[in-house]
Amino acid sequence: MRIALYARVLTQRQAQADGIAQQLERLLAHAQAQGWAPSEETIFRDDGYSGASLKRPGLERLRDCAAQRDLDRVLITAPDRLARHYVHQVLLLEELTATGCQVEFLDRPMSQDPHDQLLLQIRGAVAEYERSLIAERMRRGRLRKLQAGLLLPWTKPPYGYRVDPERPRDPAGVRCDEAEAAAVAEMFAWYVETGRSLFGLTRKLQQDAVRPPHAEGGWNVTTVRTILTNPVYTGEVYAGRIQDTPRRVRPRQDWIAVGSVPAVVTRDLFDRVQDKLAQNRQFARRHNTTHPYLLRALVSCGVCGLACFGRSLPAGHRYYCCRGKQDTLKSHRETKCPARFIPAEQLETLVWADLCQLLTHPEAIRLALERAHGGHWLPQDLQARRGTLRRAQGSLAQQLERLTDVYLAGVVGLEEYRRRRQDLEQRQHSLEAQRRQLDAQVDRRSEIAHLAANLDQFCQRVAAGLEQTNWEQKRQLLEWLIVRVVVTNGEVEIRYAVPASPAGEAGRFCQLRSDYRAPDQSAQTVPSHCHTQREACGQLPCYGPHRHASTVALAFADTP
């Protein structure tokens, strides 16, 4: 018999305290008592991995081995060693047993008896509750230590600092790395001078061969900005400064002052750098409207997926250029994008013409709406299907009446009558379920017809003033209705978002997501405002914008 052992502990400290060894000792003793001899290849262990996650190297190797049907039995000390979440426990048990592998827990051997299964469910729920309770206690304990100045909020010290290896989370053990601290001080002093920029500072650091924070990478603008905005270099350590989801800086009153560390720059110099960064953000390229680009911040390169920026040549020609053509500091790519420059006038004319065509002939939007919600439904088809189901239900009712008459006449016995009646009733239940599904489709079609009417009204209102629009009005309309314009070697894909109800017109509903720039992104992607997957699974729609995409061709002129 092919036997496997699995053991897990949460922290490295538990692993060093022979937590894994104790589990494996119990498992080996049980296996030897049963006359089983597991090999070294079938002993799977996870040292320092949480049971709340399924991404564990030992568990993944165990699952792969079971999937190949190389195991007959897996021995584990307790269910919470396998997983802390009850749902994960059920998932893993079903996955392992489906391959013919039996899972045995030493603390309480489980069988298929309903009482054992109930006990397993209760233990799984208790383990999940215990984990949540431990996590909450750890969070509160960590918060109290941060407020008392006894715990650093870092898992890794910032660039320019080192921690005591014996006490890596103790604020009193923080010291400066002389070389890196000198580089940080030079960065602050150099950037605050007139005419300096983040790109210039990044280029200078690379030219001077200054060691970057990550040895495997290099200097980039994001890393430099992170250093220049970190208040730890003034000597003050704060916790809770960065919010994870969405990632942003919290208001200063929400920061937790942890303690003091050696300062690298003065508070006055740090404040001057922050003022310059704020001023530069106001004059950033995305706010520069000197050149009239109708599709500014809406164009993406379909070859590499990066955004495009506007570029005007001295001869007066305007282009949209992929950021992948810039140097490594700006594109964060090792190689330049091979895509050609996109003629701005041709692209803007093409996109505006397609938008006007879409608004004056909204039939394409209605068809896309029906496709996005599961297909086309024609009234005559629905009526025909209703009639077929009604006739089938009537036929089954007649068969049931005749069967009862035959039984009462003594032609068939009770057992035969019950068997046939059960079969007819099951068919009746199946037809009733089909009828309910059909009614739901009728309701869905009515809902979609209502949305289509709203779309038609919206298009009629907007199309009425298309001929009198000026440049600013065109820009506003394009920014409102277009999610992204993806150009791939002369093919232009325009991704629209049209409000499907008057409520959807109230605000700016198109928010760019990174997957909008993917060249293979489907045209029916769920809008970023929609917090459910309704459009993706074909259920009733949410009442915001509806996505639609059209593809047109762009003829490239001779471009540089």
Side-chain angles (χ1 to χ4, degrees), residues 66-67 69 72-73 79 85-105 108-126 369-452 532-541:
R69 300 185 181 273
D72 296 322
R73 185 183 296 265
H85 286 305
Y86 170 66
V87 175
H88 291 174
Q89 288 183 9
V90 175
L91 172 67
L92 293 173
L93 289 175
E94 289 183 354
E95 178 182 326
L96 294 174
T97 55
T99 62
C101 178
Q102 184 177 353
V103 181
E104 180 179 341
F105 300 109
R108 177 67 164 85
M110 296 295 171
S111 65
Q112 294 302 319
D113 183 77
H115 296 86
D116 286 347
Q117 294 299 314
L118 176 61
L119 180 59
L120 178 62
Q121 296 174 13
I122 293 175
R123 294 186 64 176
V126 171
L369 178 63
E370 291 190 353
R371 285 197 304 270
H373 294 281
H376 301 279
W377 297 279
L378 300 178
Q380 55 269 29
D381 294 340
L382 295 176
Q383 293 175 4
R385 293 174 61 187
R386 271 184 166 178
T388 302
L389 284 176
R390 189 163 48 249
R391 289 192 296 271
Q393 288 177 324
S395 175
L396 285 177
Q398 292 177 2
Q399 294 180 39
L400 189 58
E401 291 179 2
R402 289 197 298 268
L403 178 62
T404 304
D405 293 339
V406 170
Y407 167 69
L408 294 176
V411 177
V412 297
L414 179 60
E415 293 299 329
E416 181 68 13
Y417 169 74
R418 287 178 176 174
R419 185 184 63 81
R420 294 185 180 183
R421 183 181 180 88
Q422 183 179 7
D423 180 64
L424 292 174
E425 288 177 347
Q426 289 179 355
R427 294 167 63 184
Q428 280 185 329
H429 292 326
S430 177
L431 290 177
E432 180 63 23
Q434 295 181 33
R435 185 192 63 79
R436 289 195 297 267
Q437 293 178 1
L438 186 60
D439 290 342
Q441 289 186 4
V442 173
D443 295 339
R444 182 189 297 179
R445 176 167 178 80
S446 175
E447 195 74 28
I448 292 178
H450 177 68
L451 294 179
T532 66
Q533 294 293 322
R534 294 179 178 177
E535 291 194 11
C537 63
Q539 298 178 7
L540 287 178

Is there a donor-acceptor contact under 3.5 Å from the side chain of R69 to the main chain of T99?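 Between the backbone of T99 and the side chain of R69 there is a qualifying donor-acceptor contact (under 3.5 Å).
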Checking T97 side chain against L93 main chain: does a donor-acceptor pair fall under 3.5 Å?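 Yes; judged by distance alone, with no hydrogens or angles, the pair exists.
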Should the pair R421-E425 be classified as a salt bridge under the 4.0 Å nitrogen-to-oxygen rule?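 So R421 pairs with E425 through a salt bridge.
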Between E416 and R420, is a salt bridge (charged side-chain N to carboxylate O under 4.0 Å, His left out) present by the stated rule, with each step listed? CA-CA 6 Å; E416 181 68 13; R420 294 185 180 183; 2.7 Å; yes
Rounded at 0.5 Å granularity, tell me how far [atom1] in [X] sits from [atom2] in [Y].
X: Q399; Y: T404; atom1: CD; atom2: OG1; value: 11.5 Å
X: Q393; Y: Q428; atom1: CD; atom2: CD; value: 8.0 Å
X: L424; Y: S395; atom1: CG; atom2: OG; value: 9.5 Å
X: L403; Y: L396; atom1: CG; atom2: CG; value: 12.0 Å

Heavy atoms, side chains only, cut-off 4.5 Å: are L414 and Y407 in contact?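 A side-chain contact exists here, since the closest heavy-atom pair is under 4.5 Å.
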Could you tell me whether the side chain of R419 reaches within less than 4.5 Å of the side chain of D423, counting heavy atoms only?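 No, their side chains stay 4.5 Å or more apart.
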